[in-house]
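Structure first, commentary second.
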Amino acid sequence: MPQRRVRAIIIGGGLAGLSAAMKLCERQAEVQIVSFQFLKRSHSVCAQGGINAAIDAKNEGDSPENHFFDTIKGGDFLAHQPLVRDMCFQAPAIIHLLDRIGVPFNRTGEGRLEFRRFGGTLYSRTAFAGATTGQQLVYALDEQVRRHEQNGQVTRFEWHEFLGLVIDPQGICRGAVIQDLRNNKIFTLKGDAVVLATGGPGQVYARSTNSTVNTGAAATQAYLQGARYANGEFIQIHPTAIPGQDKLRLMSESARGEGGRIWVPRTPGDKREPRDIPENERNYFLEEKYPLYGNLVPRDVASREIHDIVFNRNLGVGGEPMVFLDLTHKSREFLEDRLGGIIDIYRKFTGQDPKEVPMRIFPAVHYSMGGLWTDYKDDGHGLIDHGSPRNQATSIPGLYAAGEVDYQYHGANRLGANSLLSCIYTGLMMSRAVINFSKNLGERFEDISSTVFDDAERYWTTRMDSLRRMDGKENPYQLHQDMGSLMLANVLIVRDNKALEKAYYGIQEIEERFKDIKCVDTTHWSNPTPSFINQLYCMIQLSKIITRGALMRDECRGAHFKPDFDLKQPSDFDPYEYLDYLEQKHQGEDVPEYAYPAGHLDYMKRFEENNRKWLKTTIANYQDGEPRISYEEVDTSVVVPRPRKYD
Amino acid sequence: MEDKTVIIKIRQQDDPDSASYWQSFQVPCRHHENVISCLQEIQRNPVTLDGQAVIPVTWDCNCLEEVCGSCTMLINGRVRQACTALVEHLEHPVVLEPMSKFPVIRDLQVDRTRMFENLKKVHAWIDIDGTHDIGEGPVMSDSIRAQRYALSECMSCGCCLEACPQFTRDNTFLGAATFSQVRLFNLHPTGALAKEERLEAVMGEGGITDCGNAQVCVEVCPKNIPLTESIAEIGRQTSLKMIRDLFQK
């Protein structure tokens, strides 16, 4: 008898979904992949600058261990260490695989992979394909999936939307309810496991660098059905994006990696053309404050500094909330070759050429470090046991998560060019987990009563029909704008508890207004509105997770910055003092005040106490319409959490 | 730029089988606003120019920065991406129509499945032994990489096919985008191992010899892909193959 194939349902066709599909096919699984659109159009195409791997091609002494430490430190020690370490050790093999499947990575004179600098590290660790690396990776992986499709192993459900999970009475996920976005028919897919690879939730904010599909609705639906959501309050604000009305278009960190400099005129409101402002009247504020990392400090740090220079020191360009990102000192050929993609974007949307004039940029919502809670099993030596079915498993058996939708790899702040890596790493790594889980299932989906599937289908048919019939006064698209503006105003770079409380009440008001929605399109063919209303419902729930998590976390960590709880690191503090302090304590010695410069011991005690309280994963569970928040320990078994410093 | 408005005239169609009709909308227009923002404005306030409350227009979009290829449509008669069409640079009223070479789904949405089916026909991928760690990829000069990169920016938006007089709804012409992908994969050292198969696929009906050399494809490509060079190069590769085949038989 031929061996039964494992059947996996993958929701989402970006880098994580495509990697999972490719690897599962190779492991002889049957894959069904669901996406709003052609997989080739997924949001991962927007990633620009590159993908990290410590190959040390430039003989700088880089290593996966350094990559691991930079990532953990960049994330303010909130990420589980064995997972991050395993990812960094796998990274070189992942880059070589991507090279083999045809990604046009830039190359050296010898014809090997070229690498460039990125934020939060002092090494050239980022492989890149011009400034459209994400697009190139998506295409190469989409082509591999097409190859398997040709062999009959993959079925694409493009132009379909995930609505909900099918969960049997034992609590095991057995499939997904999906809707055909053309004829609006609703049906179920049955499988041994479901993988959510649905990306981030940028649309919860009115304007972000994200694509229109990034509503976070699929992850939120899983949460509403019982999955745990973790670290929701950690939203990355990217320091450099083009201000705009429909979208804030990303200007890649690679612009700074290739030598781009951030500055403002020293005189507030200076109206001169940037080229007429002499060097000594320019304030290169990142380079001045952080001589070691300069313009390549991690994103949370850079965004806070830009926010500070604009709003606290009123030095925004021309009095507006903008700073210069300057590439004009680089040659045109160099810029065209290495950054052509983003230079085109800037030119097309502003009419100005960054090769001639400095770009005007401002921070924008970009990425969610948080996401669905997922599990892992370490191998006892600081890496991952790849055979374990627990890897990337959510709290619902049979439901897995990969890519931006999971929470595990970036702690409280993601380093640039680590997201493409974590997407592909999780997609590949989870395949054995999915196969082993499926093979160990007692009952398979074929054994499950058809009423389980019928009920799920019926629930969603009724639900979507009732949304279609909503006949109140609120326009759902306008309500989405109102919610997103509320989040932008109150849950962004600098947070305080009063504003967060106000935001939470505001969201509850939006939830009330939601009941009075008018479904502006009631047709039955290619009708996007009921589906959008459903997504909006999920976005409201997700904004509650983000806001409540932020409200409750009374500290500063990575992207979550509450000035009221700043530990006030002394400017001359050296993180090694803290390791020394811990060592002395560990040896049972009394640590005298005079052993450190004035104020340092107090600071270290505050830091230690703060970590005892807050070095924890935030967990949100859905209960009675609200997120219930609890906390869980972080695995810090490899390196000791310590104060961050980049100057 | 305060309080400016713009009139948008849209060719709409309820489903693939019904007839199209026109509706006009007046929407506020701010500095640097693109066509997508106008369509979103119509979603938030779906009232026509003559004050009639209607169902919002439907369209496809995603990235809004011209890398995903979704939002192709005819804007004032010219095929392009709606996200990079800035309203202040367009002639008014702004006329929007769905692409004409693909079946209309609804309003400005069309079905471009044919483009992706064509990728299957020409073996548009690299065959690998497996995804496990078997070392580095092939050494390749940066100039070959640069050539490949220019071709690999194709986002399957379909502009070149819409503009091509040879590409019609009822023929099987593969079109510039597909030929260019053949060139892309034949340029890769591993990809070249399946070169013969790719060339055979473009030598039959709807293949490279059906190209009428109108050269409009390259003019409308939003990514400036050297499509006519690709067509010439694939023409050359197929000619050489024909000669080779002749002597090998």
Side-chain angles (χ1 to χ4, degrees), chain A residues 22-23 26 37-38 40-43 45-46 93 96-97 99-102 104-112 114 129-130 132 135-136 139 143-144 146-147 149-150 182 211-213 244-247 249-250 337 341 345 348-350 428 475 477-478 481 520-523 525-529, chain B residues 14-15 30 32-34 36-37 40 43-46 55-56 58 60-70 83-84 86 89 105-106 109 112 116 119-120 124-128 130-142 145-146 148-149 152-156 184-185 188 190-191:
Chain A
M22 173 176 75
K23 194 78 176 180
E26 210 170 85
Q37 56 204 339
F38 294 117
K40 195 171 174 174
R41 312 221 191 280
S42 303
H43 174 64
V45 297
C46 289
H96 291 318
L97 165 64
D99 192 24
R100 284 170 47 222
I101 62 176
F105 283 121
N106 283 52
R107 308 193 91 85
T108 64
E110 195 186 312
R112 297 184 191 275
E114 175 68 300
T132 63
Q135 180 192 40
Q136 297 305 318
Y139 292 1
E143 286 145 12
Q144 291 301 311
R146 193 167 287 108
R147 177 166 77 93
E149 190 187 357
Q150 196 77 325
R182 301 293 198 219
S211 297
T212 56
V213 294
Q245 273 141 28
D246 55 332
K247 180 179 190 184
R249 294 172 179 86
L250 179 66
D337 183 43
I345 291 177
K348 285 188 178 176
F349 286 96
T350 68
L428 298 175
N475 177 298
Y477 300 100
Q478 185 58 50
Q481 279 296 300
V520 286
D521 187 344
T522 56
T523 61
W525 173 262
S526 192
N527 178 356
T529 304
Chain B
D14 294 342
D15 58 63
R30 287 158 298 187
H32 286 334
E33 187 145 281
N34 60 9
I36 301 282
S37 304
Q40 288 173 336
Q43 267 187 337
R44 290 192 281 269
N45 184 23
I55 293 171
T58 68
D60 287 327
C61 72
N62 193 30
C63 77
L64 309 186
E65 56 190 49
E66 208 180 66
V67 284
C68 80
S70 287
C83 62
T84 41
L86 303 188
H89 299 160
I105 301 287
R106 181 180 170 184
Q109 302 174 283
R112 280 170 281 182
F116 296 88
L119 293 178
K120 284 188 210 160
W125 54 79
I126 289 170
D127 299 293
I128 53 166
T131 60
H132 50 295
D133 184 8
I134 46 178
E136 292 185 36
V139 167
M140 197 186 313
S141 76
D142 197 51
R145 182 283 309 173
R148 292 192 68 245
Y149 178 69
S152 190
E153 282 193 285
C154 173
M155 52 190 186
S156 302
L184 167 67
F185 288 99
H188 189 274
T190 319

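Only heavy atoms go into these numbers, but all of them, side chains included; no hydrogens, no water, no symmetry mates. In what follows, chains carry the letters A, B, and so on, assigned in the order in which the sequence lines appear, proteins first and then strands, with residues in each chain numbered from 1.
Closest non-hydrogen pair, A/Asp521 versus B/Pro56, comes out as CB-CD, 4.4 Å.
With B/Asp142 contributing its side chain and A/Gly111 its backbone, the two residues share no donor-acceptor pair below 3.5 Å. Under the 3.5 Å distance criterion, the side-chain polar atoms of A/Gln144 are matched with a main-chain donor or acceptor of B/Ile126. Between the side chain of B/Trp125 and the backbone N or O of A/Gly102 there is no donor-acceptor pair closer than 3.5 Å. Under the 3.5 Å distance criterion, the side-chain polar atoms of B/Glu65 are left unmatched by any main-chain donor or acceptor of A/Ile345. In this structure, the side chain of A/Lys247 engages the main chain of B/Cys63 through a donor-acceptor pair within 3.5 Å.
Residues A/Asp337 and B/Arg145 are paired through a salt bridge, judged by an N-O separation under 4.0 Å between the basic side chain and the carboxylate.
Looking at A/Glu114, there are no atoms closer than 4.5 Å to chain B (heavy atoms on both sides), in backbone or side chain. For chain B, the nearby parts of A/Phe349 are the backbone and the side chain; heavy atoms of each come within less than 4.5 Å.
Looking only at atom types and distance, the side chain of A/Asp246 has a donor-acceptor partner in the side chain of B/Asn34 under 3.5 Å away. For A/Thr523 and B/Arg106, the side-chain atoms include at least one donor-acceptor pair closer than 3.5 Å. There is no side-chain donor-acceptor pair under 3.5 Å between A/Lys348 and B/Thr84.
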For the pair B/Ile55 and A/Asn527, evaluate side-chain contact (heavy atoms from CB on, under 4.5 Å) and give the outcome as yes or no after the intermediate values. CA-CA 10 Å; B/Ile55 293 171; A/Asn527 178 356; over 6 Å; no

Test A/Gln245 against B/Ser37 for side-chain hydrogen bond (donor to acceptor under 3.5 Å, both in side chains), laying out the working first. CA-CA 8 Å; A/Gln245 273 141 28; B/Ser37 304; 5.8 Å; no

Walk me through it: do A/Val520 and B/Gln43 pass the test side-chain contact (heavy atoms from CB on, under 4.5 Å)? CA-CA 8 Å; A/Val520 286; B/Gln43 267 187 337; over 6 Å; no

query = Step by step, would you call A/Arg41 with B/Ser156 a side-chain contact (heavy atoms from CB on, under 4.5 Å)?
reply = CA-CA 9 Å; A/Arg41 312 221 191 280; B/Ser156 302; 4.2 Å; yes

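Contacts of A/Thr350 classified as side chain to side chain donor-acceptor pair (under 3.5 Å), with partners at least two apart in sequence or in another chain: none.
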